[in-house]
Amino acid sequence: AEGWQMLGRSYAALQKMPEAVAAYKKALQLNPNNAQVLVDYADLLAYQQQSIRGEPMRLVQKALQIDNILLFLMRNLTVVQSFFKCTFCL
């Protein structure tokens with residue numbers, strides 16, 4: 001799963017979004033409870049949609065259930081800020 005995650009990040013950096021999505025989907029098939037993969041994928045989808053609503057929000061919520069919340073917050077501050085902005089905007 002780690003290799004697919006790295007591939008997804010690489011594709012995203014190269015703006016090859018369909019390939020990045022496919023790589024993250026494969027990473028999640030192999031390890032569906034990897035909080036970091038969930039967050040990375042949520043970040044990619046939120047970037048594409050220009051919103052964290054829907055699937056990105058679901059992925060972030062799942063990651064929060066899996067990972068230690070304090071460590072999650074420290075590692076993923078940008079995604080968390082977007083989460084709370086979106087939540088308070090509803």
Side-chain angles (χ1 to χ4, degrees):
E2 189 174 309
W4 286 103
Q5 179 183 12
M6 290 174 57
L7 186 60
R9 285 180 181 165
S10 297
Y11 278 137
L14 295 170
Q15 296 294 307
K16 294 184 174 189
M17 298 309 176
E19 293 90 344
V21 167
Y24 279 116
K25 284 183 178 181
K26 183 66 175 178
L28 285 175
Q29 285 175 354
L30 295 171
N31 190 355
N33 293 318
N34 183 318
Q36 190 60 55
V37 173
L38 288 163
V39 169
D40 287 352
Y41 187 35
D43 188 45
L44 174 69
L45 294 177
Y47 173 78
Q48 284 187 299
Q49 298 174 187
Q50 295 298 303
S51 171
I52 196 165
R53 291 189 175 120
E55 182 68 3
M57 179 71 76
R58 187 190 69 73
L59 294 168
V60 169
Q61 289 172 334
K62 182 175 179 181
L64 281 167
Q65 292 172 351
I66 294 166
D67 203 353
N68 178 296
I69 292 176
L70 183 56
L71 291 176
F72 177 90
L73 294 173
M74 292 171 62
R75 287 191 306 230
N76 301 290
L77 187 56
T78 303
V79 173
V80 172
Q81 287 173 335
S82 296
F83 174 81
F84 284 109
K85 279 184 191 175
C86 180
T87 300
F88 294 128
C89 292
L90 296 177

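Here, residue 1 is the first one in the sequence, and each next residue gets the next number.
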Within the side chain of Gln49, is there an N or O that forms a donor-acceptor pair under 3.5 Å with the backbone of Arg53?
-> yes
Could I get the full list of side-chain contact (heavy atoms from CB on, under 4.5 Å) partners for Ala22, not counting sequence neighbours?
-> none
Shared hydrophobic cluster, Met6 / Val37 (ILVMFWY, side-chain heavy atoms < 4.5 Å) | no
side-chain contact (heavy atoms from CB on, under 4.5 Å) between Val60 and Leu38, worked out = CA-CA 7 Å; Val60 169; Leu38 288 163; over 6 Å; no
Calculate, to the nearest 0.5 Å, the distance between atoms CD and CG belonging to Gln5 and Leu28 respectively.
-> 9.0 Å
Same hydrophobic cluster for Leu45 and Met57, using side-chain heavy-atom links shorter than 4.5 Å among ILVMFWY?
-> no
For Ala63 and Ala35, work out which heavy atoms get closest and say how close.
-> CB-O, 3.7 Å
All side chain to side chain donor-acceptor pair (under 3.5 Å) counterparts of Glu55, not counting sequence neighbours = Arg58
Shortest non-hydrogen contact from Pro56 toward Ser51 = CG-O, 3.9 Å
Spatial distance of atom CG (Leu59) from atom CG (Asp43) [nearest 0.5 Å] = 11.0 Å
Neighbour count >12 (heavy atoms, 6.0 Å) for atom CD, Glu2 = no
Going through the checks in order, is the side-chain contact (heavy atoms from CB on, under 4.5 Å) test met by Asn33 and Lys62?
-> CA-CA 8 Å; Asn33 293 318; Lys62 182 175 179 181; 3.7 Å; yes
What residues join Leu30 in its hydrophobic cluster, counting side-chain heavy atom gaps under 4.5 Å, either direct or through other members?
-> Trp4, Leu7, Tyr11
Please list, one pair per line, the donor and acceptor atoms closer than 3.5 Å that link side chains of residues 12-21 to other protein atoms, with sequence neighbours excluded.
none

